[in-house]
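Computed over heavy atoms, backbone and side chain alike; hydrogens, waters and symmetry mates excluded.
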Amino acid sequence: QVQLVESGGGLVQAGASLRLSCAASARTFGSYAMGWFRQAPGKEREFIAAINWSGGSTKYADSIKGRFTISRDNAKNTVYLQMNSLKPEDTAVYYCAAGLVVVSTTGGYLYWGQGTQVTVSS
């Protein structure tokens, strides 16, 4: 069992940056692929980024490519999402998830955090 806790969300203006963190409880954190998703009101949960167990392979959604960066620190059991040049359309609840491989579908992940709200004002 893996417990995930996101933090770092908040209210920012367009163009600002935020760094989200996701802390994992498991000692086996380093063996999991990690993903970030987001869900805006009335919309389906959307894939943002994923990273493999070592950090050597990443995958991004086209909608955020070049603005967001996923990274991980296995010594701290934490995965990060650096978000730059934020836009109002980035407003959503952001979730981290743990799975076995890097995939862009929600069904590919075994464990989920409770989410953190990101609101970008224009």
Side-chain angles (χ1 to χ4, degrees):
Q1 189 77 356
V2 179
Q3 292 184 327
L4 303 171
V5 179
E6 301 95 336
S7 61
L11 172 63
V12 297
Q13 291 188 331
S17 298
L18 278 176
R19 189 177 78 157
L20 304 183
S21 299
C22 173
S25 63
R27 289 178 293 173
T28 55
F29 171 78
S31 64
Y32 287 97
M34 299 297 297
W36 284 99
F37 291 74
R38 67 185 181 188
Q39 189 167 17
K43 295 188 177 181
E44 293 187 353
R45 195 164 295 190
E46 173 192 20
F47 169 75
I48 296 299
I51 189 167
N52 76 332
W53 67 274
S54 68
S57 177
T58 57
K59 181 180 179 71
Y60 293 96
D62 288 342
S63 61
I64 56 84
K65 198 172 292 184
R67 297 191 297 125
F68 292 7
T69 303
I70 189 171
S71 62
R72 67 188 298 161
D73 185 339
N74 287 345
K76 296 183 177 179
N77 281 11
T78 302
V79 62
Y80 305 98
L81 185 68
Q82 177 67 44
M83 305 187 296
N84 299 328
S85 302
L86 283 163
K87 305 174 181 179
E89 51 263 44
D90 294 319
T91 295
V93 177
Y94 284 70
Y95 298 89
C96 70
L100 300 180
V101 295
V102 171
V103 294
S104 59
T105 55
T106 56
Y109 292 86
L110 302 173
Y111 305 103
W112 292 83
Q114 84 290 347
T116 185
Q117 176 70 47
V118 172
T119 303
V120 184
S121 63
S122 57

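- A single hydrophobic cluster is seen to contain both Leu110 and Phe29, as judged by linkage of ILVMFWY side chains at heavy-atom distances under 4.5 Å, directly or through other members.
- Shown here for Ala50 and Val102, the closest heavy-atom pair between the two residues is CB-CG1, 3.7 Å.
- If you take CD on Gln13 and OG on Ser122, they are separated by 9.0 Å, rounding to the nearest 0.5 Å.
- A donor-acceptor pair is defined here as one N or O able to donate and one able to accept, closer than 3.5 Å; such a pair exists between the side chain of Thr91 and the backbone of Val120.
- Rounding to the nearest 0.5 Å gives a distance of 9.0 Å between CG of Leu4 and CD of Gln114.
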Residues Val103, Tyr109; criterion side chain to side chain contact (heavy atoms under 4.5 Å, CB included); working and verdict:
CA-CA 8 Å; Val103 294; Tyr109 292 86; 3.6 Å; yes

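- In this structure, the side chains of Thr105 and Phe47 stay at 4.5 Å or more apart for every pair of heavy atoms.
- For the pair Arg72 and Tyr32, the cation-pi criterion (under 6.0 Å, within 45° of the ring axis) is not fulfilled.
- Using a 4.5 Å heavy-atom threshold, the side chains of Ser63 and Glu46 count as touching.
- The ring-ring contact (aromatic ring centres under 6.0 Å, His included) contacts involving residues 50-98 comprise nothing, where partners must be two or more places apart or lie in separate chains.
- Tracing side-chain contacts under 4.5 Å through hydrophobic residues (I, L, V, M, F, W, Y), one reaches Val93 starting from Trp112; they form part of the same cluster.
- Clustering ILVMFWY residues whenever any of their side-chain heavy atoms sit less than 4.5 angstrom apart, transitively, puts Val79 in a cluster other than the one holding Val5.
- Proximity of a side-chain donor or acceptor of Glu6 to a complementary backbone N or O of Leu20 within less than 3.5 Å is not detected.
- With rounding to the nearest 0.5 Å, the separation of CD1 in Ile48 from CD1 in Ile70 is 10.0 Å.
- Here the straight-line distance linking atom OG1 of Thr58 with atom NZ of Lys65 works out to 9.0 Å at 0.5 Å rounding.
- Within 6.0 Å of CD on Gln3 lie no more than 12 heavy atoms contributed by other residues, nucleotides or ligands.
- Criterion: ILVMFWY side-chain heavy atoms under 4.5 Å apart, direct or through other members. Under it, Trp36 and Leu100 are part of a common hydrophobic cluster.
- Of the options Asp90, Thr116, Leu81, a side-chain contact (heavy atoms from CB on, under 4.5 Å) to Arg38 is made by Asp90 and by none of the others.
- Of the possible polar contacts, none joining the Gln82 side chain to the Arg19 backbone as a donor-acceptor pair under 3.5 Å is found.
- Heavy-atom minimum distance, Ser21 versus Thr78: CB-CG2, 4.2 Å.
- Across all non-hydrogen atoms, the minimal contact from Ala92 to Ala40 is CB-N, 3.8 Å.
- To the nearest 0.5 Å, the span separating OG on Ser85 from CD1 on Ile64 amounts to 12.0 Å.
- Using modelled atom types, one side-chain atom of Asn52 and one backbone atom of Gly55 make a donor-acceptor pair closer than 3.5 Å.
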